[in-house]
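Reviewing the structure listed below.
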Amino acid sequence: MKKLLILIFVITLATSCLIGSTAINPFSPSPVERDILLGLRLPRVLFSAVIGAMLGLSGSVYQLTLKNPLADSFTTGAASSSALGAVLAIALGLPLPLVPLIALGTGLIGLFTVYRLSKTNGVINPVTMILAGVVMNIVASAVISFAKYFFEDSLSSIVFWLMGGFFVVDWGKLTLCAVVLLFAYLLFAGKALQLNLLALDEHSAQSLGINVDRLRTVAFVVATALVAVAVSHTGIIGFVGLIVPHVSRSLFGSDMHNNLFFSSLLGALLLVLADAASRSIIPGGAELPVGIITALLGGVFFLYLLQTRRERFWHG
Amino acid sequence: MAELRVENLQFSRDDFRLQLDMVEIKSGEKVAILGENGSGKSTLLQLLCGLLQGHGTISYNNQSLQEIPFNKRAQLFSLLPQFSEVIFPFCVEEVVLFGRFPHAQGNSFSDEDKKLSEQQLEKLDLLHLRKRQFTQLSGGEKRRVMLARVLNQQAPIIYLDEPNSSLDIRHTLEIFELLGGRNETVISPVHDINLAERFFDRFLLLKHGRLLADVTGDQLTPELLTETYDVQVTCGTAAFTFQHQ
């Protein structure tokens with residue numbers, strides 16, 4: 001099963017390089033097709049895979065550390081509060097390398113606010129967490145609207161960025177995101193055994209020798225760094241991190257040794273497919289922002305989870 | 001083996017205050033904590049485990065709890081909380097294996113850890129459930145799995161917060177007999193006085209956050225229990241008695 005999934009991923013990567021407004025013949029590409037393939041398609045497909053893996057990985061960690069199957073960068077408000085920081089940085093004309101750092105700062109403020117609001121007497125209430133995430137999204141959205149209104153000179157940059165997607169990709173961006181992903185993955189994979197214990201109640205986890213607060217803080221910071229860097233480069237792409245950890249769990253179990261890897265792989269696969277669809281779904285070469293496709297998929301999945309786990313959510 | 005010493009322990013939260021002047025527990029003792037709801041039994045357990053911070057001294061083998069790092073504490077004592085849960089579908093054998101974490105080398109469990117976990121599953125009559133998801137078990141089954149996890153930790157002191165809650169009478173007797181036959185120190189709030197009297201050899205009686213008495217089994221009189229629980233306690237023949245077959 002694992003090998004099959006990896007094979008499917010590789011085939012999807014290769015196929016999706018050939019799909020788009022200009023179909024490319026892989027056996028005898030013309031010079032123009034070769035330029036498109038190597039200069040545009042390949043970095044874009046790899047970029048969408050890396051971003052998908054970042055979102056999948058962050059979702060896997062958020063769901064465990066927040067003890068909430070509905071948690072991901074979008075529902076926790078981490079993505080929108082990161083976006084808020086990125087928009088303000090763009091609006092104020094700050095240098096581009098600073099944008100992900102500002103996004104990380106506001107993302108962490110947003111996430112910790114949601115976390116503190118949803119935790120009472122050492123227990124995280126999943127319903128309160130989702131409600132706090134909704135409020136965080138509304139507040140961030142209001143401030144972003146204000147920035148669009150107030151910083152007229154930056155309006156076009158903000159709007160273009162907010163559309164999300166992979167319109168402009170270069171090898172530099174790709175390398176930065178890949179390095180951040182690799183660092184985060186290795187860090188989490190090295191703590192997979194400890195992360196597993198966060199599935200227990202806090203007292204049990206702590207009595208097994210885990211410093212729960214410290215581990216959770218590290219997990220929050222690194223997962224939010226993944227989200228902030230992803231959001232800074234692509235805008236908000238919701239729900240990838242919600243869907244794939246569940247699919248991974250149902251296929252390979254809940255052990256974080258597997259869940260971290262397969263959430264990353266499935267996140268990459270999902271976003272490569274969604275991006276290929278966004279490039280080819282409208283005839284004539286027009287593109288859809290990829291966030292529309294993931295939001296549609298994720299919205300349906302969210303409703304499915306709410307329906308199947310309703311009892312657990314309302315009763316704690 | 002480990003010895004526990006508590007001196008001048010004080011803790012307060014809202015209107016509740018807990019105060020314990022001096023308690024020493026020697027290795028291997030089986031100590032039941034008795035008292036009505038809200039008397040401070042679970043709070044005391046959490047203080048002894050370092051899950052709550054109070055004033056005073058708690059020391060294990062003459063070393064202050066504050067000075068013992070988290071990972072070392074897990075080799076000194078284990079805890080079964082009153083309410084324990086597992087989010088996401090981990091299977092029973094995975095949950096029991098979690099108990100080996102303080103002994104795990106690196107980022108995975110050894111074959112020895114897996115073998116010991118299997119032995120705990122067998123002892124607690126859980127082998128047939130090993131592949132079942134924890135979240136799908138009944139309340140009593142979950143309690144036994146969590147107890148297996150705690151015993152799997154192999155710590156010299158075991159804290160059990162109402163270990164028999166949700167358990168039927170057969171499994172209650174099995175578990176208390178199992179605990180009674182072990183060398184570890186067992187410290188446990190228990191609500192069933194008859195069971196406590198039968199399986200424990202020392203009793204800490206708490207009332208309104210204060211230690212009313214620290215007695216052995218033959219000193220546990222109806223008068224003392226009447227004072228502890230504010231109900232008339234008499235000693236007589238029960239309507240039913242239970243003996244594990």
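Here is the naming used below: chain letters follow the sequence lines, and residue numbers restart at 1 for every chain. If you're wondering where the values come from, they're calculated on a predicted model, not measured in any experiment.
- Closest of all the heavy-atom pairs between Glu162(B) and Ser188(B) is N-OG, 4.3 Å.
- Contact of Phe134(B) with chain A is not made at all, since no heavy-atom distance falls under 4.5 Å.
- Residue Gln133(B) does not touch chain A at all, counting heavy-atom pairs closer than 4.5 Å.
- Of all residues spanning residues 257-271 of chain A, those with a heavy atom less than 4.5 Å away from chain B's heavy atoms are His257(A), arranged by number.
- Checked by atom type, the side-chain pair Arg149(B)/Ser204(A) shows a donor-acceptor distance below 3.5 Å.
- Using the six-membered ring where Trp is involved, Tyr304(A) and Phe301(A) have ring planes that are tilted, between 30° and 60° apart.
- A pairwise comparison of heavy atoms in Ser81(A) and Ala78(A) identifies OG-O, 3.3 Å as the closest pair.
- Without hydrogens or angle criteria, Lys41(B) side chain to Gly35(B) main chain gives a donor-acceptor distance under 3.5 Å.
- For the 3.5 Å distance criterion, the side chains of Thr76(A) and Tyr115(A) fail to qualify, holding no donor opposite an acceptor.
- Side chain of Asn107(B) to main chain of Ala189(A): a donor-acceptor pair is present (N/O by atom type, distance under 3.5 Å, no hydrogens or angles).
- Heavy-atom distances place the backbone of Phe83(B), and not its side chain, under 4.5 Å from chain A.
- In this structure, no portion of Glu202(A) lies under 4.5 Å from any heavy atom of chain B.
- Annotation: side chain of Arg144(B) is not in contact with side chain of Glu174(B) (no heavy-atom distance under 4.5 Å).
- Ring planes of Tyr60(B) and Tyr159(B): perpendicular class, angle over 60° (limits at 30 and 60°).
- For Ala155(B), no part lies near chain A; criterion is any non-hydrogen pair under 4.5 Å.
- Heavy-atom pairs under 4.5 Å with chain A peak, among Arg100(B), Lys72(B), Met146(B), Gln153(B), at Gln153(B).
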